Number of protein chains: 2
Amino acid sequence: MKRVKKKLLSDFIARKGLKSTRQRDTILDFFLASDRHMSIEELYLKVRAKHPNIGYATVYRTLKLFVEAGLAREIQFADGQTRYEHVNEGEHHDHLVCTHCGTIVEFENPVIEKLQDEVAKSHGFLIETHKMEIYGLCPKCH
Amino acid sequence: MKRVKKKLLSDFIARKGLKSTRQRDTILDFFLASDRHMSIEELYLKVRAKHPNIGYATVYRTLKLFVEAGLAREIQFADGQTRYEHVNEGEHHDHLVCTHCGTIVEFENPVIEKLQDEVAKSHGFLIETHKMEIYGLCPKCH
DNA sequence: ATGTTTATGAAAATCACTTTCAATGTTCTT
DNA sequence: AAGAACATTGAAAGTGATTTTCATAAACAT
């Protein structure tokens, strides 16, 4: 899995004539080792604990690069922080977010997906993406 | 309908020991007369055209007040601007957003709602709210 | 009317990015 | 291996959208 992501990135870098750097490798390792749904700030803090010389802007730019390379995806929850989650080929999921402790649980529901497609079609929309989040209290918080 | 909203607000103001002001009345009128899904900026500009003395901060605070009073709801789309929509009792809807022209269409789908409840329950979540947005091209844009 | 308390407007402060720029690094060519 | 050519980095400045501060002005109870 990690091997696949690393290859995705190095291929992207080669294809675009970019350069492979120590910072990018380090940030990728931390991203792959981390929980899903990290904000820039969170990842930056983790990275900085071990690599105090890596700056916020580099983490920011590298995360954008991961998105372009297809190994991460941006998501926005109601807390106003952009988060980045891992992309696994052919997988789509939505989220349950605990409004108390912030826990994020992923789920898939093909029936909902299908209904969304139908709704879009019935309004004449050409669907590109969709997002769905359910907010509430997780088992631990009630 | 408007009468109901105005009462919601005046009741809230009374209950909380707040004060009823000309600005709040004016902003409420503009909000009720407006399209749904207004950003603070948009509403501020409309209000200011007729009432140049009402400041941005007042519109901002008043919209928050509407949310507390239960007659408006905040929504965030992928464009990074907070918008406020009208709350109508017992109504829930989701959104189709055109990624080209920004048009927002509302829809309701009870089957999806029910499936969402089931998903939440199956993960032990106590559901509070949810949101779902479908992004794509509207009929005019393709 | 008057005092008490809340609301307002303008400006300053925050927040979460996003960009700039001089200094470094990489990779490519000899 | 050296230098050229170009991309990347870190620190700091800049942005855009709020959010807060604070002195002044309005409400409302007395």
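Source: prediction; values computed, not measured.
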Decide whether B/L63 and B/F77 are clustered together by the hydrophobic rule: side chain heavy atoms of Ile, Leu, Val, Met, Phe, Trp, Tyr closer than 4.5 Å, transitively. no
Taking any heavy-atom pair under 4.0 Å as a contact, classify B/R24: base, sugar-phosphate, or nothing. sugar-phosphate
Touch check for A/K64, heavy atoms < 4.0 angstrom, all strands: base, sugar-phosphate only, or nothing?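 Counting heavy atoms under 4.0 Å across all strands, the contact made by A/K64 is with sugar-phosphate only.
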Is the shortest distance from a Lys or Arg side-chain nitrogen in A/R36 or A/E85 to a carboxylate oxygen in the other one below 4.0 Å?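 Not counted as a salt bridge, because no side-chain N and carboxylate O are separated by less than 4.0 Å.
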Provide the closest heavy-atom pair for A/L9 versus A/A69 in the form atom of the first, atom of the second, distance. CD1-CB, 4.1 Å
If I compare all heavy atoms of B/C98 with all of B/C138, which pair ends up nearest, and what's the gap?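 What the structure gives for the nearest pair is SG-N, 3.4 Å.
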Numerically ordered, the residues 71-82 of chain A set in heavy-atom contact under 4.0 Å with DNA chain C is A/G80, A/Q81, A/T82
Members of residues 35-60 of chain B that approach DNA chain C, where some heavy atom sits under 4.0 Å away: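 DNA chain C contact set from residues 35-60 of chain B: B/N53, B/I54, B/G55, B/A57, B/T58.
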Contact boundaries on DNA chain C for chain B, cut-off under 4.0 Å to non-hydrogen atoms: C/dT5 to C/dA10
Scan side-chain atoms only and decide if B/N88 and B/K5 contain a donor-acceptor pair under the 3.5 Å cut-off. yes
Using a 4.0 Å cut-off on protein heavy atoms (strictly under), produce a 5'-to-3' string for nucleotides 25-30 of chain D with B for base contact, S for backbone-only sugar-phosphate contact, and - for none. --BS--
Keeping to residues at least two apart or across chains, list the side-chain hydrogen bond (donor to acceptor under 3.5 Å, both in side chains) pairs with something in [range].
range: residues 23-34 of chain B; result: B/K6-B/D29
range: residues 57-69 of chain A; result: A/K64-A/E74
range: residues 128-142 of chain A; result: A/H92-A/H130, A/E113-A/H130, A/Q116-A/H130, A/E128-B/T99, A/E133-A/Y135

Give a yes or no on this: more than 12 heavy atoms of other residues, nucleotides or ligands lie within 6.0 Å of atom CD of B/E91.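 Result for CD/B/E91: enclosed.
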Does a sphere of radius 6.0 Å around NE2 in A/H100 hold more than 12 heavy atoms from other residues, nucleotides or ligands, not counting ones at 6.0 Å or beyond? no
Between B/L65 (CG) and D/dT18 (P), how many Å, whole number?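 Going from CG in B/L65 over to P in D/dT18 covers 18 Å.
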Just the rounded figure in Å: distance from P of D/dT19 to CD of B/E68.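 That distance rounds to 13 Å.
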In the hydrophobic clustering (ILVMFWY, side-chain contacts below 4.5 Å, transitive), which residues join A/V4, or is it alone? none
Hydrophobic clusters join Ile, Leu, Val, Met, Phe, Trp and Tyr when side-chain heavy atoms are under 4.5 Å apart, directly or via other members; which others share one with A/L96?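 When side chains under 4.5 Å apart are linked, the cluster holding A/L96 also contains A/V105, A/F107, A/V111, A/I112, A/L115, A/V119, A/F125, A/I127, A/M132, A/I134, B/L96, B/V105, B/F107, B/V111, B/I112, B/L115, B/V119, B/F125, B/I127, B/M132, B/I134.
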Partners of B/R15 by side chain to side chain contact (heavy atoms under 4.5 Å, CB included), sequence neighbours excluded? B/D11, B/F12
What I'd like to find out is whether the side chain of B/I54 reaches to under 4.5 Å of the side chain of B/V47, using heavy atoms alone.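 Yes. Closest side-chain heavy atoms under 4.5 Å.
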Filter on ring-ring contact (aromatic ring centres under 6.0 Å, His included), then keep only pairs touching residues 15-47 of chain A, sequence neighbours left out; what's left?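 Qualifying pairs, neighbours excluded: A/F30-A/H51, A/F31-A/F66, A/F31-A/H86, A/H37-A/H95, A/Y44-A/Y56.
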Quick one: stems for DNA chain D, with Watson-Crick or G-U pairs under 3.5 Å, at least three in a row? C:1-30 with D:1-30
